[in-house]
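Here the structure comes first, spelled out in C-alpha cells, and everything after it is commentary.
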Amino acid sequence: MEEINVLSRKGESTRLPKGISAGEALKSLGEKKGNPAVAAKVDGELVDLSRSLEKDCTLEPLEQNSEEALEILRHTASHVMAQAVQSLYPEAKITIGPAIENGFYYDFDCPDTFSVEDLPRIEAKMEEIIKRARPINRKELDRQEAIRIFSQREETYKVEMLEELEDPTVSVYGQEDWIDLCRGPHLVNTAEVKAFKLTGVAGAYWRGDERNPMLQRIYGTAFFSKKDLKRHLQLLEEARKRDHRKLGRELDLFHVSDEAGPGLVIYHPKGALLRHILETFEKEAHLRRGYQMVIGPQLLKTEMWKKSGHFENYRENMYFTEVEGQSYGIKPMNCLAHMLIYKSTIRSYRDLPIRYFEMGLVHRHEKSGVLHGLTRVRQFTQDDAHLLCTPDQLNDEIKGIIDFALDMLQLFGFEYEIELSTQPEKRIGTDDDWERATNALEKALLDKEISYKIRAGEGAFYGPKIDILLKDALNRRWQCSTIQCDFTLPERFDLNYIGADGEKHRPVMLHRTLLGSMERFLGVLIEHYAGAFPTWLAPVQAIILTVTDRQNNYGEQLYQRLLSGGIRVEKDLRNEKLGYKIREAQLQKIPYMLVVGEREVEAGGVSPRRRDGKDLKLMETDDFTRLVMEENAVTDTVLKVK
RNA sequence: GCUGGCGUAGCUCAAUGGUAGAGCAGCUGAUUUGUAAUCAGCAGGUUGCGGGUUCGAUUCCCAUCGCCAGCUCCA
C-alpha cells in the first residue's frame, strides 16, 4: 500500500497509509485521549477529522479546549438546528447560520413566524436528530452542480450565494437527507452535539442590509459539556440580575419617563450625586494633565454645521430649531465651539499643544429601536476634549491620551481591547489627510506596543479613530473611549498658528473621550459593580443605624459630624428592628453600616459593619472617617501623574 | 426605522367576554428591638392612550405611544 509521511506537532515523522482519515492518523500519532480532537489542522489548514490525507503533510489536532473548537461545535449545532427547523417547517428556506461569540444562530425565510414558545419543539427535534447519531458528510461539488441541487430544493438564498461565488467547486455538508452549502469544518457526527440550548428569536435583515427583506433568526448556544452550558446560562442569569435598568430603579438612581420622552434620562438625587463624584474627579484629573476647561453653547447656527460637514453627513441625527427666522442646530458634538475658542485670538507654535476639555451635553436623534437604558440615549454628556497641536506633537499627544485612558480604566478594574477604524465611505477630507491621520494613530499604538484590531471603513466622517473597548466583570465589551484624528476640520475652519518661521501653519486636531458618554459609562459601572460601588464612588458611603430610639440623639450628632467631615452619610432612626435596617442598607449596597446602640453611645464611637458582612467592632469616630478617606484616595492612581 | 413579543397598584406578579387580586413598598397604631424582613389595621387601579366589535371589553379587532429581544446604526 502507498504510504505518506505525516509530521506531528512534536516534530516526529510517521509513515501512514495514503488516504487515511485525519482522525485515524491522529490516533496513530498517539495524540492524547483526555482532550479529544474535534478537527485537525493539516498543513495549518483546519479540516474535518474525516478528511483523508493524500500526501505528505503536517498534522495537528484541534482540541476541545480552544475557541476554534467551540466555533466548530456551534456551527455544527446551527446545522442540526436548521435541519430540525426544516423538518418542522418544510416551507422554511435556509440562509446562513454561523457560530458567533457566545453561541450560534441560523437565519430562515419562513412564512410561519417563530416565537419563543416554538423553541422547545425545535430543541426536541434537535435531540431526536442527535440521538440518531448520524455521520456528517462533506462533499465537493462542481458549482453548477450545486446550483442545480439547491434550485431543486428551492433554496433560493443558497442559489443566490452560489451564483456570486467564483470558485469552480464548492463544499456541501450534511447529515441524513439535509444539506447546506458550507466551508466547514464540522464535527464528524451529530451525536457530538451534547449540550445546547436555543436562547431566542429575532428578526435580521438578509445580508445585514436594512433594504433587504427581514429573515427570522433563531439564536442558540452549545458547549462540549452540560456543565459548561450550565455555567454559561448562569452567567446570563447574573447579567440579568445586574441589569442597570433594574438596579437603577432599586437603588433609586434614575429613571426614563415616556412622559418626558424616550432616551432622556432623569437623574434622582443618588444618580446625580454619582455623576457629580465621577465628574469632579475627572475634571481634576484633566486639569492635572494640562487640559483647560471650556464650555460651548448648546445650539449653534445651522450655517456652522454646514461649514463643518455635520449638516451634510450627520443631519439625520441632529435636532434643529428656528428662532426669529434663524435656523439653529442643537449640538451633537462639542468640537465647533472649541474651534471657535481656538480661533478667538492669534496662536503661536509656543501655545501648542492646546487641550480643551468640556463635560459637553450633546443631543443625538437615535432611531427609536436602538434606545436602551443608560447605554443608548438621545441626550448625554461626554467627557470630551479637543487637542490642537503641530504635526510634530501629534504622536506624543496620542500616546498621552492612551495613557490617560488606560489609567482611568484601571482605576475601575476594567480590561480592554483596542480597535483602529479606518476611512468610511461617507467622509470629508482628502485621501492624503486620511492616510496621514491613520498613520499617526497606528504609529502611536505601535510605539506603545499595544495590540489592536483593524476595523476597515468604520471611522468617523471627519477622521480615523482608535476605540478602546472596555471589558466589564462579566466579560462584556463596551465602547467608551475614542480618539479621533482630524486634519479636515482645522482646514474647513481655517485654524492656524504662527510657526517659528513666522509663517502660518495648520494645526492638527484630536477629538477624544475617555469614559465616552457619562450615561453609558454609569450604566456600565452599575453592571460592572452589580450596584455595589467602591466607597470612593458610592453615593451613600455610610448609614447610621440606631438600635432603639434612645440612641437617636447620638445618631443625629454623629450624622452631623460625619456629614461635615466630608462623608456621604445617611441615617436610619426609624422605630424598626436592627435586622430590618441592616437588610435595607444591605439591599441598597451601602459600603458601611454604622450600628449605634447603648455601647456606642457610652464609648462615643461607632461600630461599622461592612457591606460584605464583616463586623469592624467599636472604633473612634475619627478613625472611621480616616478609613473612608483612605478609600477615597484610590483615585490618586489617576490624579498623581507620573 | 425594521421584525417579533409585551404593556394590570410605586415595585414584582395573578385573574376573567359579566363588580380587577396578592406580596412587598406606603400610611396609622402597637412593639423599644444588637447585625438580612415584629404584629395588626387602612389606603392604593378609568387594566398605556384612542377607536371598533359586543347587551357588556381589562380580555377580541384596528390604530397609536412606550418597553423588551434582536437587526441596521452608534458615545
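Sequence lines set the chain letters: A, B, ... in the order given, protein chains first and strands last, and positions in each chain run from 1. Worth saying up front: this structure is predicted, and the values here are computed from it rather than measured.
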Considering only heavy atoms from C-beta outward, does the side chain of F104(A) approach that of L198(A) to under 4.5 Å?
-> yes
Side chain R376(A) and base C73(B) donor-acceptor under 3.5 Å = yes
Sub-3.5 Å donor-acceptor pair from the side chain of K125(A) to the main-chain atoms of L88(A), do we have one?
-> no
Answer with yes or no after comparing the ring centroid distance for F108(A) and Y89(A) against a 6.0 Å cut-off, counting only values under it.
-> no
Does C71(B) have OP1 or OP2 sitting under 4.0 Å from an N or O in the side chain of Y219(A)?
-> yes
For G369(A), which contact category applies under a 4.0 Å heavy-atom criterion: base, sugar-phosphate, or nothing?
-> base
Picking from U72(B), A36(B), C71(B), the nucleotide nearest the side-chain atoms of I582(A) would be A36(B)
Quickly work out the K581(A) NZ to U32(B) C1' distance and round it to whole Å.
-> 10 Å
Indicate whether OP1 or OP2 belonging to G1(B) is found under 4.0 Å from a side-chain N or O atom of S368(A).
-> yes
When all nucleic acid strands are considered with a 4.0 Å heavy-atom cut-off, which category describes E598(A): base, sugar-phosphate, or nothing?
-> base
For ring-ring contact (aromatic ring centres under 6.0 Å, His included), just list the numbers for H365(A) and Y319(A), CA-CA rounded to whole Å, side-chain angles, deciding distance to a tenth of an Å, and then say yes or no.
-> CA-CA 7 Å; H365(A) 177 85; Y319(A) 294 94; 5.6 Å; yes
Nearest-Å distance once atom C1' is located in both A36(B) and A75(B) = 39 Å
Test item: L525(A) and F414(A) side chains (from C-beta on) under 4.5 Å apart, heavy atoms | yes
Whole angstrom is fine here: how far is it from CG in L361(A) over to P in A75(B)?
-> 17 Å
So what does R249(A) touch, heavy atoms closer than 4.0 Å: a base, only the sugar-phosphate, or nothing?
-> sugar-phosphate
Which part of the nucleic acid, if any, lies within reach of G203(A) when heavy atoms closer than 4.0 Å are counted: base, sugar-phosphate only, or nothing?
-> base
Mind checking who U64(B) pairs with, Watson-Crick or G-U wobble, both distances under 3.5 Å?
-> G48(B)
Write down the distance between CG (D243(A)) and C1' (C67(B)), rounded to a whole number of angstrom.
-> 12 Å
For the side chain of E366(A), starting at C-beta, report the closest nucleotide among C73(B), U72(B), U38(B).
-> C73(B)
Could you measure between the two C1' atoms, the one in U54(B) and the one in C62(B), and give it in whole Å?
-> 15 Å
Interatomic distance at C1', U32(B) relative to U38(B), whole Å | 11 Å
Classify the nucleic acid contact of E600(A) as base, sugar-phosphate or nothing, counting any heavy atom under 4.0 Å across all strands shown.
-> base
To the nearest angstrom, the CG-P distance between D112(A) and U3(B) comes to 18 Å
What does V256(A) touch in the nucleic acid at a heavy-atom separation under 4.0 angstrom: a base, only the sugar-phosphate, or nothing?
-> nothing
With rounding to whole Å, what would you report as the distance between G4(B) and C42(B) at their C1' atoms?
-> 44 Å
Under 4.0 Å between a side-chain N or O of H372(A) and OP1 or OP2 of A69(B)?
-> yes
Any idea how F281(A) and F412(A) line up, ring-wise: parallel (<30°), tilted (30 to 60°), or perpendicular (>60°)?
-> perpendicular
Side-chain contact check for R550(A): nearest option of U32(B), G34(B), G1(B) is U32(B)
Taking the side chain of R609(A) as its heavy atoms from C-beta onward, which of C74(B), U32(B), U35(B) lies nearest to it?
-> U35(B)
So which nucleotide from G70(B), A75(B), A36(B) ends up closest to the side chain of A202(A)?
-> G70(B)
Under a 4.5 Å cut-off applied to non-hydrogen side-chain atoms, are M81(A) and Y219(A) in contact?
-> no
Distance between the C1' atoms of C60(B) and G21(B), in whole angstroms?
-> 23 Å
May I ask you to verify if any side-chain N or O of Q479(A) is less than 4.0 angstrom from the OP1 or OP2 atom of A75(B)?
-> yes
Would you say H276(A)'s side chain and A272(A)'s backbone share a donor-acceptor pair under 3.5 angstrom?
-> no
Ignoring the backbone of M214(A), work out which of C71(B), A69(B), U35(B) is nearest its side chain.
-> C71(B)
Distance below 4.0 Å between R211(A) side-chain N/O and G1(B) OP1 or OP2 | no
Report the distance from atom CZ of F114(A) to atom C1' of G70(B), rounded to the nearest whole Å.
-> 15 Å
Aromatic Y580(A) / basic R583(A) pairing, under 6.0 angstrom, 45° off normal | no
With heavy atoms under 4.0 Å as the rule, sort Y580(A) into base, sugar-phosphate or nothing.
-> sugar-phosphate
Among the candidates A75(B), U35(B), G70(B), find the nucleotide nearest to the side-chain atoms of L578(A).
-> U35(B)
Nearest whole angstrom, please: distance from the P of C71(B) to the CD of Q216(A).
-> 15 Å
Nearest to the side chain of R599(A) - G34(B), C2(B), C74(B)?
-> G34(B)
Please state the C1' separation for the pair U58(B) and C6(B) - nearest whole angstrom.
-> 15 Å
Whom does C39(B) pair with, Watson-Crick or G-U wobble, provided both distances fall under 3.5 Å?
-> G29(B)
Whether Y462(A) and H511(A) hold their rings parallel, tilted or perpendicular, with breakpoints at 30° and 60° | parallel
K367(A) has a side chain; which of U35(B), U72(B), A36(B) sits nearest to it?
-> U72(B)
Opposite nucleotide pairing with G56(B), Watson-Crick or G-U, both atom distances under 3.5 Å = none
N/O donor-acceptor pair, side chain Y205(A) with base G1(B), under 3.5 angstrom = yes
In whole Å, what is the span from the CG atom of L264(A) to the C1' atom of C65(B)?
-> 15 Å
Can you check whether R245(A) has a side-chain N or O nearer than 4.0 Å to OP1 or OP2 of C68(B)?
-> yes
Respond yes when some side-chain nitrogen or oxygen of R520(A) is under 4.0 Å from OP1 or OP2 of C74(B), and no when none is.
-> no
Report which part of the nucleic acid E250(A) touches: base, sugar-phosphate, or nothing (heavy-atom distance under 4.0 Å, all strands).
-> nothing
Toward the 5' end of RNA chain B, which comes first, D467(A) or V201(A), by nearest nucleotide?
-> V201(A)
Considering every strand shown, what is the Watson-Crick or G-U wobble mate of C24(B) when both distances are under 3.5 Å?
-> G10(B)
With a 4.0 Å cut-off on heavy atoms, is K465(A) in touch with a base, just the backbone sugar-phosphate, or nothing at all?
-> sugar-phosphate
Indicate, with a heavy-atom threshold strictly under 4.0 Å, whether G208(A) touches base, sugar-phosphate, or nothing.
-> sugar-phosphate
Could you work out the separation of U53(B) and C61(B) based on their C1' atoms and round it to a whole Å?
-> 7 Å
Base-pairing assignment for G70(B) (Watson-Crick or G-U wobble, both under 3.5 Å) = C2(B)
Atom CG of L587(A) and atom P of A25(B) are separated, to the nearest Å, by 11 Å
Assign E519(A) to base, sugar-phosphate, or nothing according to its heavy-atom contacts below 4.0 angstrom with the strands shown.
-> nothing
Integer angstrom distance from the C1' of G50(B) to that of G66(B) | 15 Å
Any strand: nucleotide that pairs with U19(B) via Watson-Crick or wobble, under 3.5 Å | none
